[in-house]
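Down below is the structure, laid out as C-alpha cells.
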Amino acid sequence: ENAFGKYEAPTTCLIPRVAPEITPRFSVKKKELEQVHICISTPGLAVSDPQREALHILHAILGGGVSSRLFQEVRERRGLAYSIYTCPSSFQDGGLFTIYAGTGVQNAPKVVELVFKELQKLKKQGVSADEMKKAKEHIKGSILLSMESSSSRMSQIAKEEFSFGGPVRLEEILKRIQQINLKQVHAIANTLFDLRKTALTAIGPVEPHMLPSPLET
C-alpha cells in the first residue's frame, strides 16, 4: 500500500501497438564449433489468438517431446541430431514458431531436408486422431503438474493479467484444449508452415551452399 497505493494504471496504451513484420531470410555464419546449430522459424500466433490451443497441440505433436515426430524421425530412427525440438513463442502483437536442431556438419543438410519434408507432410495430411489424443493428455498433464509449483502459478497469473486482463480459470483452459479438433490443427499447420515466409539461420562449421534454403524449396 505504501509503495503502490497511489498508482493508477493508464487507461490507454502509451506505446502504439504495431504487429512486427516477419522477413524471410537465409543466414549461415561459419564458425569453428563442434556442432551446427540450426533454427528454422515461421510466423507464429499472438498470445491471445483464439487458435493458441491448436498451436500448442501442433507443437506437442511436431517437436514438443521425445515422442514427437521430429524427435522420433530425426534422432531416434536416423540418429542425425543430438537435439531437435520446436518452440512456440507468443507475444502481444505476434509470435514465432521455431524449430531448433543441433547436429554434425555432415548431417546438417539432411536434417534441414527432413524438417522441410515433415512440415510439408503436416500441411498435406494433418495429424492423426491418436496423435491428437496423446498431445491433449500431455498438455493437460503438464498444466496440472505446473499448478503444484508456487513460482509457476505466480508466473502464470501475471501472464494472464497482462494478456487477458485477469486470471483464467483452470477448468476453462482444459475445456478449450479438449474442444480443439483435427481440422483446426491442420489449418494452423497450413497457416504457419509457408516456406516462402520462413527464416533459416545456422552457425557452425558449415557453408551456406551446403544447406537447403526454405526460400528455394
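Residue numbers start at 1 and run along the sequence shown. We use all heavy atoms of the structure for the numbers below, so side chains are in, but hydrogens, waters and symmetry mates are not.
Both L55 and F164 are members of a single hydrophobic cluster when ILVMFWY side chains are connected at heavy-atom separations under 4.5 Å. Linking Ile, Leu, Val, Met, Phe, Trp and Tyr whenever their side-chain heavy atoms come within less than 4.5 Å puts V105 and F26 in one cluster. There is a path of hydrophobic side-chain contacts, each under 4.5 Å, that joins I139 to L62. Linking ILVMFWY side-chain heavy atoms closer than 4.5 Å, directly or via other members, places V47 and L96 in two distinct hydrophobic clusters. In terms of hydrophobic clustering, with Ile, Leu, Val, Met, Phe, Trp and Tyr side chains grouped at heavy-atom distances under 4.5 Å, F193 and F116 are assigned to a common cluster.
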Could you walk me through whether H56 and I180 pass the side-chain contact (heavy atoms from CB on, under 4.5 Å) test, one step at a time?
-> CA-CA 10 Å; H56 285 285; I180 298 299; over 6 Å; no

Show your working on side-chain contact (heavy atoms from CB on, under 4.5 Å) between R176 and R52 and close with a plain yes or no.
-> CA-CA 10 Å; R176 287 177 61 90; R52 57 188 179 275; 3.6 Å; yes

Decide yes or no on side-chain contact (heavy atoms from CB on, under 4.5 Å) for V18 and D93, but give the supporting numbers first.
-> CA-CA 7 Å; V18 179; D93 302 309; over 6 Å; no

Would you please test I57 and K136 for side-chain contact (heavy atoms from CB on, under 4.5 Å) and show each step?
-> CA-CA 7 Å; I57 289 173; K136 285 183 177 180; 3.9 Å; yes

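Residues Q179 and Q184 fail the side-chain proximity criterion, which asks for heavy atoms closer than 4.5 Å. At a threshold of 4.5 Å between non-hydrogen side-chain atoms, the residues L122 and V185 do not count as touching. Looking only at side-chain heavy atoms (C-beta outward), I143 and I177 come within less than 4.5 Å of each other. Side-chain contact between V74 and T103: absent, with no pair of heavy atoms (C-beta onward) separated by less than 4.5 Å. The shortest side-chain heavy-atom distance between Y100 and C87 does not fall under the 4.5 Å cut-off.
In this pair, F97 and H59 present their aromatic rings perpendicular. The plane angle is above 60°, beyond the 30 to 60° band.
Across all non-hydrogen atoms, the minimal contact from I188 to A54 is CG1-CB, 3.9 Å. Of all heavy-atom pairs between K197 and P24, the closest is CA-CG, 3.7 Å. In plain terms, the two heavy atoms of V111 and A101 that are nearest each other are CG1-CB, 3.8 Å. The two residues E32 and P205 come nearest to each other via the heavy atoms OE1-CB, 4.4 Å. When all heavy atoms of S146 and S152 are compared, the pair lying nearest together is O-CB, 3.4 Å. Closest approach of V112 and P212 over heavy atoms only: CG1-CG, 3.6 Å.
We find the CD-CE distance between E137 and M132 to be 12.0 Å, quoted to the nearest 0.5 Å. One finds the CD1 atom of I61 at 12.0 Å from the CG atom of L70 (value rounded to the nearest 0.5 Å). Rounding to the nearest 0.5 angstrom, the gap separating the OG1 atom in T86 from the CZ atom in F71 is 12.5 Å. The CD1 atom of I38 lies 5.5 Å from the CG atom of L211; values are rounded to the nearest 0.5 Å. The line from CG of L80 to CD of E73 is 9.0 Å long, rounded to the nearest 0.5 Å. Distance check: L114 CG to R78 CZ gives 4.5 Å after rounding to the nearest 0.5 Å.
Each of V206, V36, I203 was checked for a side chain to side chain contact (heavy atoms under 4.5 Å, CB included) with K31, and the lone residue meeting it is I203. T198 pairs with exactly one of T42, I99, I22, L192 by the side chain to side chain contact (heavy atoms under 4.5 Å, CB included) rule, that one being T42. For the salt bridge (Lys or Arg N to Asp or Glu O under 4.0 Å) criterion with E118, the lone passing option out of K123, R69, K124 is R69.
Shown here is K134, whose NZ atom has no more than 12 heavy atoms of other residues, nucleotides or ligands within 6.0 Å. Applying the 6.0 Å contact sphere to OH of Y82 captures no more than 12 heavy atoms from other residues, nucleotides or ligands. The environment of E161 atom CD is dense: over 12 non-hydrogen atoms of other residues, nucleotides or ligands sit within 6.0 angstrom. Within 6.0 Å of CD on Q72 lie more than 12 heavy atoms contributed by other residues, nucleotides or ligands.
At least one donor-acceptor pair under 3.5 Å links the side chain of S68 to the backbone N or O of G65. Using modelled atom types, no side-chain atom of S155 and backbone atom of S151 make a donor-acceptor pair closer than 3.5 Å.
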Mind listing the side-chain donor-acceptor pairs of residues 166-175 below 3.5 Å, one per line with the distance, residues two or more places apart or on another chain?
none

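A salt bridge links K110 and E113; the closest N-O separation between the charged side-chain nitrogens and carboxylate oxygens is under 4.0 Å.
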